[in-house]
Amino acid sequence: MLAFVAVAPFFVPGIAYVAAWIVGAAPRMTVTASVVLVVLFAGGGFAAGTVHDHYHGAAHPQSEREALAESAGSWVWSGGITPDSAVVVAQVEPGSLTRLLIEPADAGPFGPVVADGEGVARFDLSRLSPSTAYRYVVEVDGVRDEVRTGSLATVTTEPMSFSVAAGSCARSSSNGMVFEAIREAEPTLFLITGDIHYGNFVEDDPDLFRDALDASLTQPAPAALYRSVPIAYIFDDHDLGGNDADSASPSRPAILEVYRQYVPDYGVPEDPNAPVYQAWSIGRVRFIITDVRSDRSPKTDPDGPDKTMLGATQKAWLKAELLAAADGPIVWVNPVPWIGEAKTGADTWAGYATE
């Protein structure tokens with residue numbers, strides 16, 4: 001429908017011309033001209049819709065999962081899983097007294113905490129048992145939210161079999177079947193490697209980022225995935241700022257604030273101005289996330305020792321992590337392409353060849 005609305009203004013002059021011409025034309029010519037005009041209009045609308053879907057539309061069928069009924073919470077997701085800890089973040093009514101109840105209940109409950117001004121309640125779970133599946137329920141002002149319940153499983157640092165799913169570049173408010181497929185695969189962890197939405201916000205306005213994440217976290221298919229599988233998330237350019245965003249983006253303070261508020265992470269630096277790098281282990285595998293956007297130099301800077309993708313502090317941290325984990329497998333969660341011939345102005349590592 002929007003495609004046809006977009007095409008319509010281009011046909012207004014033609015419609016006006018044909019209307020004036022029809023006044024003195026023969027009936028057969030009037031019908032012929034009208035049919036041609038309708039065909040052109042329909043073809044233009046179809047072509048516009050096809051072009052839009054190709055470049056901006058969903059890359060997958062939409063899920064038919066129905067939205068959950070209203071409850072005490074809006075969304076909930078988990079992450080930060082270790083052998084004895086995890087993080088759960090939920091959104092409820094602002095100011096609500098909130099607890100997290102878990103089963104088995106030997107380690108819980110957790111809280112109470114008072115939900116902040118945006119209704120976000122964060123629970124740092126401790127005293128959990130390794131390699132154990134847990135079910136959790138958010139309790140809001142004494143009422144259990146049995147609609148939006150969640151589950152997670154802790155890991156171990158001993159040898160173990162596990163699977164990890166990874167994905168990026170989700171259309172804003174995406175509700176695709178792909179989320180159902182990931183959930184049905186029952187991975188140990190879901191890595192969101194950038195562009196959880198395409199907000200392209202360039203203002204220092206945390207509410208823009210909160211609204212975009214709220215929209216992603218409440219769509220039926222991704223919400224079901226996030227309630228079932230712990231996540232690890234790092235932003236890229238479109239969910240930090242505009243296309244090819246870097247440390248100069250005016251939106252930088254806003255995304256760093258909202259990330260620390262909303263995301264169940266693995267222990268990012270406490271400095272609110274610092275990049276959100278983090279590391280953890282599953283079995284014998286060390287996972288390392290680098291923030292390749294919030295401290296990077298503008299891509300137009302000439303390449304050299306001062307041009308950085310990571311920033312000095314994060315780069316030193318990364319080197320230390322790699323050395324400490326050198327005896328085992330390492331998974332580097334790095335949202336931008338590594339392979340490429342050195343080229344000034346490239347948005348990928350090819351534009352930061354010295355580093």
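A salt bridge links Asp207 to Arg210: one of the charged nitrogens lies within less than 4.0 Å of a carboxylate oxygen. A salt bridge does not link Asp244 to Arg296: none of the charged side-chain nitrogens sits closer than 4.0 Å to a carboxylate oxygen. Ion pairing of Arg135 with Glu146 is present here, as a side-chain N (NZ or NE/NH1/NH2) and a carboxylate O approach within less than 4.0 Å. Salt bridge annotation for Asp295-Arg252: present, with a cationic side-chain nitrogen under 4.0 angstrom from a carboxylate oxygen.
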Yes or no on ring-ring contact (aromatic ring centres under 6.0 Å, His included) for Phe190 and Trp77, after CA distance, side-chain angles and deciding distance?
CA-CA 11 Å; Phe190 177 41; Trp77 60 347; 9.8 Å; no
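The six-membered or imidazole ring of Tyr352 lies away from that of Trp338, with a centre-to-centre distance of 6.0 Å or more. Under the 6.0 Å cut-off for aromatic ring centres, Trp317 and Tyr277 qualify, their centroids lying closer than that. Ring pair Tyr233/Tyr259: centre-to-centre distance below 6.0 Å.
Closest of all the heavy-atom pairs between Thr154 and Pro130 is OG1-C, 3.4 Å.
Ser251 places a side-chain N or O within donor-acceptor distance of the main-chain N or O of Leu240, the cut-off being under 3.5 Å.
Cluster partners of Val147, by chain and number: Leu68. The rule joins Ile, Leu, Val, Met, Phe, Trp and Tyr whenever side-chain heavy atoms lie under 4.5 Å apart.
Every side chain to side chain donor-acceptor pair (under 3.5 Å) that Asp84 has, sequence neighbours left out, goes to Thr82. Residues forming a side chain to side chain donor-acceptor pair (under 3.5 Å) with Thr98 (at least two apart in sequence, or on another chain): none.
Put simply, the side chain of Glu355 reaches to within 4.5 Å of the side chain of Lys315, judged on heavy atoms. Between Val88 and Val76 the shortest side-chain heavy-atom distance falls below 4.5 Å. You'll find the side chain of Asn175 reaches within 4.5 Å of the side chain of Pro220, heavy atoms only.
Between Pro335 and the choices Ile289, Asp291, Ile234, Asp195, the side chain to side chain contact (heavy atoms under 4.5 Å, CB included) rule is met once, by Ile234.
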